[in-house]
Protein chains: 2
Amino acid sequence: MPAEVSSASPSSPPLTERQEARRRRILHASAQLASRGGFDAVQMREVAESSQVALGTLYRYFPSKIHLLVATMQDQLEHMHGTLRKKPPHGETAAERVAETLMRAFRALQREPHLADAMVRALTFADRSVSPEVDQVSRQTTVIILDSMGLENPTPEQLSAVRVIEHTWHSALITWLSGRASIAQVKIDIETVCRLIDLTAPEGHR
Amino acid sequence: MPAEVSSASPSSPPLTERQEARRRRILHASAQLASRGGFDAVQMREVAESSQVALGTLYRYFPSKIHLLVATMQDQLEHMHGTLRKKPPHGETAAERVAETLMRAFRALQREPHLADAMVRALTFADRSVSPEVDQVSRQTTVIILDSMGLENPTPEQLSAVRVIEHTWHSALITWLSGRASIAQVKIDIETVCRLIDLTAPEGHR
DNA sequence: ATCAAGTCTGAAACTTGTTCTAGATTAGCG
DNA sequence: CGCTAATCTAGAACAAGTTTCAGACTTGAT
């Protein structure tokens with residue numbers, strides 16, 4: 001199985017090696033700065049300097065700070081997906097497995113709360129100009145959830161439930177990041193919404 | 001029944017008449033500019049000018065653009081609550097009534113999509129420094145939902161369901177505002193999540 | 001009415017995201 | 001190799017949120 005080449009939108013001209021390297025340096029610098037101080041700490045001039053790239057070049061690669069952070073999130077999501085798929089959840093019901101997976105992801109975010117802050121804030125603040133990228137993040141999240149459910153071809157009802165779960169996931173993260181909800185609270189909310197899955201399950205489980 | 005004096009946090013020194021008037025002018029200008037062009041169109045210098053107040057004064061009343069927009073949302077939410085409470089929803093089950101109420105609110109937002117954009121973006125972008133205000137908005141929303149359910153003393157489970165509904169509501173609004181979900185899609189998501197209520201209902205309904 | 005404290009004003013300054021420009025470098029090609 | 005188009009760089013410039021400051025105005029208490 002191929003290791004890289006995974007996500008980047010297949011459109012647009014392919015990048016040369018040096019360009020790929022620049023892109024990588026930029027994303028790395030972004031994640032690093034974000035890990036330090038969250039959204040505000042990711043300052044475009046600093047990202048440019050850290051990644052040894054001119055400001056104009058940074059903007060050529062990522063047309064705005066939001067684009068940059070959403071791309072950073074795409075990047076992190078891939079890692080996450082890889083990690084999660086190695087050890088699949090072992091709950092009985094689909095609802096349990098999804099909740100388990102999300103809580104695992106949540107614990108990963110807790111290890112880098114500032115990074116989580118930067119990424120999630122960017123994601124929810126994104127306007128129409130970032131729709132394609134945000135959508136890609138959303139699709140990736142959907143894949144992770146469906147994966148953990150272990151479903152081949154979900155029903156429309158189940159897809160609705162997954163959408164609602166994603167809504168809850170994002171919004172719960174926000175309330176946690178802004179200090180308005182505890183970790184325990186987030187856990188409860190996730191478990192609550194995951195019950196929707198059982199509600200929409202057609203027949204037997206697994 | 002008293003007409004005004006409704007929301008403002010009861011703490012802090014009471015405002016003089018002229019101060020109250022200034023505050024009102026600022027909120028009005030904010031809503032007006034937001035209605036025109038959304039989040040970006042609410043520029044602090046313009047708000048100050050429109051409301052005939054010095055920039056420094058504006059910042060004394062609202063310490064940031066986010067604070068201003070969240071306060072604007074509090075203001076609008078009150079109107080909304082008043083309007084909604086006049087014609088209570090007539091669905092059979094609690095779930096139906098909540099969905100009906102939220103869809104009614106959604107239609108109101110559709111009439112001023114730019115204003116909705118400004119308020120919702122501010123709400124989700126708010127950091128810890130705005131927690132108290134955001135929390136107040138959240139509480140107000142909870143009250144509206146519980147109101148429409150017609151519950152006296154909800155169980156903890158039901159409160160969880162309401163929290164999840166709020167999460168879904170906010171996040172669904174965001175996806176709609178950023179053009180990633182249709183109105184129909186939002187409707188489906190709301191109806192889907194409202195099913196959670198029936199799931200947590202203890203006994204008979206109504 | 002008068003004084004002190006607090007508030008408001010107008011304007012400048014500062015910060016950080018974003019855009020623009022002129023010149024150097026690089027990549028692809030004949 | 002030598003050319004051309006695309007890309008990159010350094011740095012200035014611009015935009016909007018935020019801060020600061022000196023002076024004018026209000027308010028509340030005496």
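Sequence lines set the chain letters: A, B, ... in the order given, protein chains first and strands last, and positions in each chain run from 1.
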Item to check | Comparing G56(A) and M44(A) on DNA chain C - which has the more 5′ nearest nucleotide | outcome: M44(A)
Item to check | dT26(C) phosphate, OP1 or OP2, under 4.0 Å from Q19(A) side-chain N/O | outcome: no
Checklist entry - Is the closest basic N to carboxylate O distance between R104(B) and E100(B) below 4.0 Å? => result yes
Checklist entry - Taking atom P of dA27(C) as reference, at what distance in whole Å does atom CD of E17(A) sit? => result 10 Å
Next on the checklist: Ring centres under 6.0 Å, that's the criterion: do F39(A) and F125(A) meet it?
Outcome noted: no
Next on the checklist: Over all strands shown, is V47(A) touching base, sugar-phosphate only, or nothing at heavy-atom distances under 4.0 angstrom?
Outcome noted: nothing
Checklist entry - How close or far is atom C1' of dC21(D) from atom OH of Y59(B), stated in whole angstroms? => result 17 Å
Checklist entry - Looking at dG28(D), dT9(D), dG10(C), which one has an atom nearest to any side-chain atom of T57(A)? => result dT9(D)
Next on the checklist: Once you apply a heavy-atom cut-off of 4.0 Å, does Y61(B) come out as touching a base, just sugar-phosphate, or nothing?
Outcome noted: sugar-phosphate
Checklist entry - Do the side-chain N or O atoms of R22(A) get closer than 4.0 angstrom to the phosphate oxygens (OP1, OP2) of dC8(D)? => result yes
Next on the checklist: Between R45(A) and dG17(C), is there a contact of a side-chain N or O with OP1 or OP2 at under 4.0 Å?
Outcome noted: no
Item to check | Of V53(A) and V42(B), the one whose closest DNA chain D nucleotide lies more 5' | outcome: V53(A)
Item to check | Value in whole Å for how far the P atom of dG11(D) lies from CD of E49(A) | outcome: 11 Å
Item to check | Selected nucleotide, minimal atom distance to R60(A) side chain, candidates dT7(D), dG17(D), dT9(D) | outcome: dT7(D)
Checklist entry - Tell me: CD of E20(A) to P of dA27(C), nearest whole Å? => result 14 Å
Checklist entry - Are R45(A) and E49(A) ion-paired here, with the side-chain N under 4.0 Å from a carboxylate O? => result no
Checklist entry - Taking CG from L58(B) and P from dA16(D), how many angstroms apart are they, rounded to a whole number? => result 16 Å
Checklist entry - Contact class for Q52(B) (heavy atom, under 4.0 Å): base, sugar-phosphate, or nothing? => result sugar-phosphate
Next on the checklist: So that I can tick it off, tell me whether D75(B) and R24(B) are bridged by a salt bridge, with the cut-off set at under 4.0 angstrom between side-chain N and carboxylate O.
Outcome noted: yes
Checklist entry - Tell me: NZ of K65(A) to C1' of dT19(C), nearest whole Å? => result 17 Å
Item to check | Donor-acceptor pair, side chain of S138(A) and main chain of V134(A), under 3.5 angstrom | outcome: no
Checklist entry - Rounded to the nearest Å, what distance is computed from the CG atom of residue L55(A) to the P atom of nucleotide dA10(D)? => result 11 Å
Item to check | Whole-Å distance separating the CG atom of L33(B) from the P atom of dG17(D) | outcome: 11 Å
